[in-house]
Amino acid sequence: MPQNSNITLLDAAEIKVRFNDNEVLKEASLTIRIGDHFGMVGRNGSGKSTFLKILTEVMQPDSGNISRRNDLVIGYLSQDLVMAEDATVESTIREGAKHIYDLLEKYESLPADSNIQSELEQQISSNDAWNIDTRIKAAMMHLNAPDSERLIKTLSGGEKRRVALCRAIISNPDLLILDEPTNHLDTESIEWMAEYLKKFRGAFLVSTHDRYFLDEICNHIVELQSGRFYLHKGNYSDYLESNLARMGSQQAMELKRKRFLRRELDWIRRGPKARTTKAKFRVDKFHNIKNTQEPDMELTMEMIIPPPGQLANRVIDLINIALELGGKSLIEKFNFKFEAGMRIGICGRNGLGKTSLLKIVLGQLQPTEGNTKLGVLTEFNYVDQERIQLDPEKTLLQEVAEGSDTINFGNGQLAIRAYLQRFGFNPKRINMKVKSLSGGEKSRLLLARILKNGGNFLILDEPTNDLDLPTLRLLEEALLAFPGCVLVVSHDRYFLNRVCTGIIAFEGNGQVVYNEGDYEYYREKLTDRKTVPITGNNKNIKPKSEKNKTVLIKTKKLTWKEKKELEGIEDQILEAEKEALDIEAIFADPDFHQKHRAKTSELNKKLETSKQRSLSLYKRWEELENLRQASE
């Protein structure tokens, strides 16, 4: 990662923006220098996209100043995709490098004796202009862009976003400003994008909810809270630590402030006679502190999914499923049995058939071969990738209520207003119109609207797109607590690791595999399979020597279940030892025979059981730890 420079590319000073009664930005200031790799975080609706639009002159602030270096080249990915509908993919991407193509055209039109030839050659070299076509092809390939000759009007929203990202990065700008660049990218494309940004020689400001992405690419995190920026040195992990300390400091200051107010209020209320006993500055200090605004703490949220009905022994079985679309084999002979409590993640490159599998499960698409068997109690609730449309003229309450004041919640009812508050919508804003919401707030509203329908089998297609980090964490917690079945398509590695008990991976050429465990464990097993293939073509190949056989045994890795068991076994040992110590303390009580004589036999049995359990757990811990060390 490049070291920071003192050369300033852009300086934003005291930016203010107000939408009606909502002051989004309050004297927000940020300086970006060469080598700054900034990640920007903040709640949906906090003004992140607004600030990026101001930096790129898409909109103007109510007040404040923006100064930019002369001839500053900015690459910008907006959430609002503006493209000529009749243009091709390639011509749209080339727009991002217009200044480079203009430079090459100017150079090629120069007369042989031109006195600016050397100057242009230097500019061409610094912009790597001769390789611009190669860079375009590389970006299109790694970001899985649509075919170069397709028209923009034929593309899906995700395809348009990948085209826009290619357009933003191909010119190697001085400053990259990217608003949610990982949305609609598959895992491989996200990893390529991370490597690109880590090597980027200019500066960038990236707003994203992808926590692993932020951790990999950033040397600073800027947090937008209550209309102001807070700068944290380091990556996302460093930010979490420093933010926790800052919030603790704020809370301590607020507690001290409230204690002072209580003391002084008591004195103030004693009347004029009491006030003469103290200096006037005490009265002034009281009123100054009283009028000081409290630090804004994040609105408390507890995302809730309506409790599901019970599932039968059979949820849904996929039996020898095969799917062919447009002459392309997407799935070949896939079998799977969903069970209650499963949280299955689906991953793989775009276009391999992930959404098609969801539609087969839902019964919306018939497989080419094989069949499905649905349980009698299974009720689906589907959060579609394209999402239902919101009416911009309706209020938040009208969109979710749909004519009712309550939703079914388990065996009872829950008021719509209370339900919306659980999704982080302030009661004061529930009656505002949808058109006033940010993109992320609209996504959260859609999630609330769909999840209220209940169901015991949740199917979510890219649910993390456009959600802010606090909402993402709450969605994760809600899914972890959900007792039904969950099937989710996502490219968010952190989300898959946090939520999933198993991974269905689309690996191309119709190959769909299931791996128990989280996403990282699937990747480990994928690496193992690539290193030592175990397919039918080589399953009968024997090791060339006993030495090779021994090496294979030594490199056996822990299964996902064994990893989880090892992580929790120390707590179980401590629990068993504490139980034994507690019983021994009872025996050591001088009044034991008076208090516990009748339970002597029962206590002896419990003590023996605790000791045996402790020994057994120690033995198992040793087995797992030896296996872990051997695999490393």
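The model shown is predicted, which means the values in this text are computed figures rather than measured ones.
Pairs passing the ring pair (Phe, Tyr, Trp, His ring centres under 6.0 Å) check and including a residue from residues 151-177, sequence neighbours excluded, do not occur. Annotation: ring pair (Phe, Tyr, Trp, His ring centres under 6.0 Å) contacts involving residues 96-141, sequence neighbours excluded, comprise Tyr107-Trp130.
Salt bridge annotation for Lys98-Glu95: absent, with no cationic side-chain nitrogen under 4.0 angstrom from a carboxylate oxygen. Between Asp62 and Lys16 there is no salt bridge, since no side-chain N of the basic residue sits under 4.0 Å from a carboxylate O of the acidic one. Between Arg161 and Glu462 there is no salt bridge, since no side-chain nitrogen of the basic residue lies less than 4.0 Å from a carboxylate oxygen of the acidic one. Using a 4.0 Å cut-off between charged side-chain N and carboxylate O, Lys333 and Glu369 make a salt bridge.
Between the side chain of Thr182 and the backbone N or O of Ile190 there is no donor-acceptor pair closer than 3.5 Å. Between the Glu399 side chain and the Asp391 main chain, a donor and an acceptor come within less than 3.5 Å of each other. A donor-acceptor pair under 3.5 Å is absent between the side-chain atoms of Arg211 and the main chain of Tyr236, judged by distance alone.
A 6.0 Å sphere centred on CD of Glu393 holds more than 12 heavy atoms belonging to other residues, nucleotides or ligands. With a 6.0 Å radius and a threshold of 12 heavy atoms from other residues, nucleotides or ligands, Lys137 has its NZ atom at or below the threshold. Surrounding CG of Asn65 are at most 12 heavy atoms belonging to other residues, nucleotides or ligands under 6.0 Å away. Within a 6.0 Å sphere centred on CD of Glu85, other residues, nucleotides and ligands contribute more than 12 heavy atoms. More than 12 non-hydrogen atoms from other residues, nucleotides or ligands lie less than 6.0 angstrom from CG of Asp102.
No side-chain donor-acceptor contact under 3.5 Å links Asp215 and Tyr494. No side-chain donor-acceptor contact under 3.5 Å links His491 and Asp210.
The closest side-chain heavy-atom distance from Leu479 to Phe495 is below 4.5 Å. Inter-residue side-chain proximity for Ile34 and Arg69 is flagged as met; some heavy-atom pair is nearer than 4.5 Å.
Taking CD of Glu119 as the start and CD1 of Ile124 as the end, the distance is 11.0 Å to the nearest 0.5 Å.
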